[in-house]
Enquirer: 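One structure is given below, represented as structure tokens, and several questions about it will come after.
Values below: every heavy atom of this structure, side chains too, minus hydrogens, waters and symmetry copies. As the structure is a computational prediction, the values presented were derived from the model and not from experiment. Ligands are counted one by one from 1 in listed order, and the atoms in each one are counted from 1 as well.
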Amino acid sequence: MDSTNIPSLNNLKIENGEIKTPFLIGVAGGTASGKSTVCKRIMEQLGQTEMDQEQRQVVCISQDSFYRDLTAAEEAKAKKGLFNFDHPDAFNEELMYNTLTMLLKGKIVEIPTYDYRTNSLIHDKKQTIYPADVVLFEGILVFYFPQIRDLFHMKLFVDTDSDTRLARRVPRDIKERGRDLDQVLNQYMTFVKPAFEEFCSPTKKFADVIIPRGADNTVAIHLIVQHIQDFLDDRSKHGSSTSLAIKMSNCVTSENGQLMIGGGGGDAFRALRRFSTLCKEISTEGNVFFERNFRNFGH
Ligand SMILES: Nc1ncnc2c1ncn2[C@@H]1O[C@H](COP(=O)(O)OP(=O)(O)O)[C@@H](O)[C@H]1O
Ligand SMILES: Nc1ccn([C@@H]2O[C@H](COP(=O)(O)O)[C@@H](O)[C@H]2O)c(=O)n1
């Protein structure tokens, strides 16, 4: 095999002699806001869904894979819908952080699958995540933990009104997650709604881009897809060591939420200009909001 193109060596993804480190995008939002659907649309529009896992340039991970194992007493509560899966303590923050930092270092990681019917992780059904060029990490509390929040190069918040979310959650949980109507409504009123207000909704302020109406917002999705495509094109031209993320960190800083163009590369500037120009061209209110102007773009 050509030594310049070894797909994986010592758990590192190496392509053309370079360690591949991903551009990490966080996708937060309330339950059933459309986070997974938005990620799916992004993947589809980038032509990723028909590719083999190992060939994909863009991969998506769910925060559900980082629910912590429950004790026997917690499991019994969960069965009756009396465990709070919307509280930050329900997650394994350390594993989430370690997994994302491994991916950022170009390592291949394995994550368990989550089973909503048994409220547990399936440890022997692991999903292999190759670093790829872009990693989407979606979940209700992906912006809650400061250390994890700081890892993202770009943060999206899917903002769908709570009536719509509840109307979507009820049939989904009954059909796909093995729940009955009473249980779904009880859990929603006891845990989901209060936790959304206390822990999830306040993280909207950390988002770089807010997507009202989730997957219905085709304009916002198109803009994000364009932006990622620019990044991928830049990478295929210059390789991962001269990634747009790194160049962006040179050219965009924002102490007070304003864009500042410094000494970054021309491609980064073009990509950013295209994204912001497109946003300005859209006169309809409520398509894309820039809240903090890529404060966290690059490290
Ligand atoms: N724009 C939409 N229109 C209609 N149904 C939708 C839309 N977006 C998502 N859904 C449905 O709502 C449910 C929750 O969507 P999902 O993307 O899984 O949300 P989340 O990942 O935020 O929990 C799913 O059953 C999904 O098919
Ligand atoms: N065993 C579990 C684990 C989680 N939940 C609920 O899932 C929601 C998060 O997933 P979304 O796809 O809706 O973002 C969260 O609100 C938990 O209440 C559950 O019901 N059971």
Enquirer: Which ligand 1 atoms, with their elements, are less than 4.0 angstrom from a heavy-atom of G34?
Expert: 16 (P), 17 (O), 19 (O), 20 (P), 22 (O)
Enquirer: Would you mind running through ligand 1 and noting each atom that sits below 4.0 Å from a heavy atom of A32?
Expert: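 Once the distances to A32 are compared, the set is 14 (C), 19 (O), 20 (P), 22 (O), 23 (O).
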Enquirer: Does ligand 1 have any atom that is closer than 4.0 Å to a heavy atom of G214?
Expert: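 The answer is no: ligand 1 sits nowhere under 4.0 Å from a heavy atom of G214.
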Enquirer: As a check for students: among T164, T37, T31, identify the option with a heavy atom nearest to atom 16 (P) of ligand 1.
Expert: T37
Enquirer: Using a strict cut-off of less than 4.0 Å between a Lys/Arg side-chain nitrogen and an Asp/Glu carboxylate oxygen, indicate whether K79 and E75 qualify as a salt bridge.
Expert: no
Enquirer: With a cut-off of 6.0 Å (strictly less than), are more than 12 heavy atoms of other residues, nucleotides or ligands near OH of Y144?
Expert: no
Enquirer: Can we say E74 and K77 salt-bridge, meaning some charged N sits less than 4.0 Å from an Asp/Glu carboxylate O?
Expert: no
Enquirer: On a heavy-atom basis, I'd like to know which of D86, T31, V184 is closest to atom 15 (C) of ligand 2.
Expert: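 Looking at heavy atoms only, D86 sits closest to atom 15 (C) of ligand 2.
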Enquirer: Which option wins on minimum heavy-atom distance to atom 12 (O) of ligand 2: Q63, R179, R177, R169?
Expert: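 Looking at heavy atoms only, R177 sits closest to atom 12 (O) of ligand 2.
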Enquirer: Which option, R172, R169, R213, owns the non-hydrogen atom nearest atom 23 (O) of ligand 1?
Expert: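 Nearest heavy atom to atom 23 (O) of ligand 1 lies in R172.
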Enquirer: Among all protein heavy atoms, pick out the one at the shortest distance from atom 21 (O) of ligand 1; state its residue, atom name and that distance to 0.1 Å.
Expert: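 Of every protein heavy atom, S36 OG, 2.5 Å lies nearest to atom 21 (O) of ligand 1.
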Enquirer: If the contact criterion is a heavy-atom separation under 4.0 Å, does G30 count as touching ligand 1?
Expert: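 A heavy atom of G30 does come that close to ligand 1.
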Enquirer: Quick check: are there more than 12 heavy atoms from other residues, nucleotides or ligands sitting under 6.0 Å from CD of E44?
Expert: yes
Enquirer: Report yes if S36 has an N/O atom closer than 3.5 Å to an N/O atom of ligand 2; otherwise report no.
Expert: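 Between S36 and ligand 2 (N or O atoms, distance only) the closest approach is not under 3.5 Å.
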